[in-house]
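What follows is one structure encoded as structure tokens, with my remarks underneath.
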There are 2 protein chains.
Amino acid sequence: MVLSERKKKILAAVVDEYVRTAEPVGSKAIAQTAGLGCSSATIRNELAELVSLGYLEQPHTSAGRVPTPMGYRMYVNELMQKQKLSLEETEDINRRMNQKLRELDDTIDNVSRLASQLTDYPALALTTRSAVTIKRFDIIYVDANTFILVVMLSDNTVKNKLVHLPVSVDKRLVQRLSALFNSGFTGITDEQITPLLINATERAADDTMGITSVIAAFAIEVLSAAETPTAFVSGENRLLSQPEFRDPDKAHRLMGYLSGGGNLLPPDQTPADAGEIRVLIGPENVAEELKDSSVVIATYDAGDNTKGMIGVVGPTRMDYSTVAAKLSILAAGLSRRLGRGEAPPEGLHNKLIIKGDSNE
Amino acid sequence: MVLSERKKKILAAVVDEYVRTAEPVGSKAIAQTAGLGCSSATIRNELAELVSLGYLEQPHTSAGRVPTPMGYRMYVNELMQKQKLSLEETEDINRRMNQKLRELDDTIDNVSRLASQLTDYPALALTTRSAVTIKRFDIIYVDANTFILVVMLSDNTVKNKLVHLPVSVDKRLVQRLSALFNSGFTGITDEQITPLLINATERAADDTMGITSVIAAFAIEVLSAAETPTAFVSGENRLLSQPEFRDPDKAHRLMGYLSGGGNLLPPDQTPADAGEIRVLIGPENVAEELKDSSVVIATYDAGDNTKGMIGVVGPTRMDYSTVAAKLSILAAGLSRRLGRGEAPPEGLHNKLIIKGDSNE
DNA sequence: TATTAGCACTCGAAGAAAGAGAGTGCCAAC
DNA sequence: GTTGGCACTCTCTTTCTTCGAGTGCTAATA
């Protein structure tokens, strides 16, 4: 059954109002705010129908109406006006993004922090699982007992590790190993790094001290870490400002779940296309702990076919349109800068300024 | 005035009991638990004196007693029995430390997570401010537009950054720059990296494209980031399981403060010696938000004269002895492994096992 | 002099009762 | 189909009462 225009308007009004006030919405309030020229009695009739259709519900017989998950779903899919953020707001987001992400690393924890700040909900940033391979493998010789492993992955992230060894290592061995690893270990996944391969490399390098194993272990570690989807959560505490989490136990449960960082988001779903916003409302979530919360997820392009995701968690009574709009901009910005694996022009510029003021 | 033995015992009993139950402690309860052979009436007299001495207080006239900050202080300084953790517990901590910190990075966020898990309070790990210099500077040439900067600092941490440039760079220029940076930028602090120095390097390398600036900017960034004391907080949500934070507003305030990650701990105090445990009780804290919470801080030796700190935050009604004992072990473990900047033997071993099972 | 038993008293927590108010459902009129 | 009117329902808030743990004090005891 398709909803009449008026029902849609009323439903939208209920959602808007409820999101704003967190109080069940009465017929009178709607009659006043939503500018349809009819009385509260008419609205009451409509509301009753919306209830029986499953879009709304009543906490108790003589209370206002509250959207059901199905109601929110309808709202998100059809009713909510794609919020246009004002120019200032957009600017602000971009500015903060530049500022925040210029510092050292645009690592996912920074991204999640930013998302949380912007939306004022807890946010989480996730890496997506995908086959990662090693693109480059370098070993920097520091001294006879020390070297630095530097691995560049196919997703353009670089990892390093400082290794101390109890035994001395010849500089040439290190170089040989470096070359061997670069030829043998690039372009393959962690599963392909078999003991056999390590043994072969070891023999080829004449490595009698097992350094190869240490390095290979690092390679495996990096690869599997990169493939394990990890989530960074920040701003858990913002949950507490939501009235639905005034109950400390409830808040604690969800926050604990979030900090656990487990597989929070639909693990089976393939990541959406970059730019796409996905909304999971209440029971649509797989995790039991999220069953009465909502999640908004934006996907961005992290370059080299990998996708990143930023999600925001809140009560089902969530300001979907604003959150979606903000995440959209954030995701777009991230795609822009990560997609090509380079810092944004401004970032570079700001740094370069130091060239100028040499008289100091 | 010095407390009589019995008063001490009673005070200790009050603290212990209150820590356990979070309820004001009555005279009868003490008469039963603390095995001093006297009746509740006697205890009442003693309690009344302890109140007038300032060690205890009453929430209201006809309630049990609760320790004041001064009472806790006395407890921590003199009464609390230095808790000996059982062998199993110690083992457990060490095992978890090995497990947790073996993964890729023993970074401070992992340390703080671990501390929080162990104590079941929110924990924060801090780096201490100290003059950091660059120990090594390497540039890995990836392709004409891409290279990886690898910087090893005096505190034995290694940072890297992938740099894309819009212009092509000659491989030899990169090598020359690498050499120049290694000679010019090692052993100096970020303040010593003046525009003059950059300019000189630039000219020496014949760098007309300003790559030097980009690299120098990274150097400065890394150095100043390393010198900025940062705090990593985890387990904020554990606050919520404490009855004193059942009020969401109160919890929110403190959690917000913690997540802010600001200068949480006595900024003026010089870090204690490694192994030392410091306890700040309620109003002893400088930060307004911590005035009715307590903080336990352990200092560990992070190698190369730098100290690290792990702190735990909780209500003043905190299990000081257990927390102190656990942090102690944690700090000792960290000193052991970070002090010499190497992975613990077990960690290495476990990795090396993969050598063995090549028949798979 | 220190300890103890006894007892009246205090004060908060928990429960019960009452009142207020927002909002509904339904009916009859338009 | 819409509207005003009205009785009804149910929660929230406030007020009052009760209950009980724990105290402080006094007088008796070792």
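Note that these values count all heavy atoms, side chains included, but never hydrogens, waters or copies made by symmetry. Proteins get letters first, then strands, A, B, ... in listed order; numbering begins at 1 in each.
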In this structure, how many angstroms lie between the [atom2] atom of [N] and the [atom1] atom of [X], rounded?
{"X": "A:His60", "N": "D:dT11", "atom1": "NE2", "atom2": "P", "answer": "5 Å"}
{"X": "B:Glu57", "N": "D:dT23", "atom1": "CD", "atom2": "P", "answer": "14 Å"}
{"X": "A:Glu46", "N": "C:dT24", "atom1": "CD", "atom2": "C1'", "answer": "16 Å"}
{"X": "B:Asn45", "N": "D:dA27", "atom1": "CG", "atom2": "C1'", "answer": "14 Å"}
{"X": "B:Ile43", "N": "C:dA5", "atom1": "CD1", "atom2": "C1'", "answer": "15 Å"}
{"X": "B:Lys28", "N": "C:dC7", "atom1": "NZ", "atom2": "P", "answer": "14 Å"}
{"X": "B:Ile30", "N": "D:dA21", "atom1": "CD1", "atom2": "C1'", "answer": "14 Å"}
{"X": "A:Glu49", "N": "C:dT24", "atom1": "CD", "atom2": "P", "answer": "15 Å"}

Quiz prompt | Earlier contact from the 5' end, DNA chain C, for A:Val25 and B:Ser62 | solution =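 It is B:Ser62, whose closest nucleotide lies nearer the 5' terminus.
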Quiz item: Between B:Thr42 and B:Pro59, who's closer to the 5' end of DNA chain C by nearest nucleotide?
Solution: B:Thr42
Phosphate OP1/OP2 of [N] contacted by [X] side-chain N/O (<4.0 Å):
{"X": "B:Thr61", "N": "C:dC11", "value": "yes"}
{"X": "A:Arg65", "N": "C:dG23", "value": "no"}
{"X": "A:Arg44", "N": "C:dA22", "value": "no"}
{"X": "B:Gln58", "N": "C:dT10", "value": "no"}

Exercise. Might you work through the side chain to side chain contact (heavy atoms under 4.5 Å, CB included) test for A:Arg317 and A:Tyr72, ending with a clear yes or no?
Key: CA-CA 8 Å; A:Arg317 179 189 63 79; A:Tyr72 284 120; 3.4 Å; yes
Quiz item: If we ignore angles and hydrogens, is there a donor and acceptor under 3.5 Å between the side chains of B:Ser294 and B:Tyr320?
Solution: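 Judged by distance alone, the side chains do pair up.
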Quiz prompt | Short side-chain donor-acceptor distance under 3.5 Å, B:Tyr121 and B:Asp319 | solution = no
Quiz item: With sugar-phosphate meaning primed atoms plus P, OP1 and OP2, does A:Ala41 contact a base, only sugar-phosphate, or nothing at under 4.0 Å between heavy atoms?
Solution: base
Practice problem: Check every strand shown and say whether A:Ser27 touches a base, only sugar-phosphate, or nothing at a heavy-atom separation below 4.0 Å. | Solution: sugar-phosphate
Quiz prompt | Polar side-chain atom of B:Ser234 near backbone of B:Arg113 as donor-acceptor pair, under 3.5 Å | solution = yes
Quiz item: A:Cys38 side chain: which of C:dG25, D:dT3, D:dT23 is closest?
Solution: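 In terms of side-chain proximity for A:Cys38, the closest of C:dG25, D:dT3, D:dT23 is D:dT3.
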Exercise. Taking atom NZ of A:Lys250 as the centre, report whether more than 12 heavy atoms of other residues, nucleotides or ligands fall under 6.0 Å from it.
Key: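 Result for NZ/A:Lys250: enclosed.
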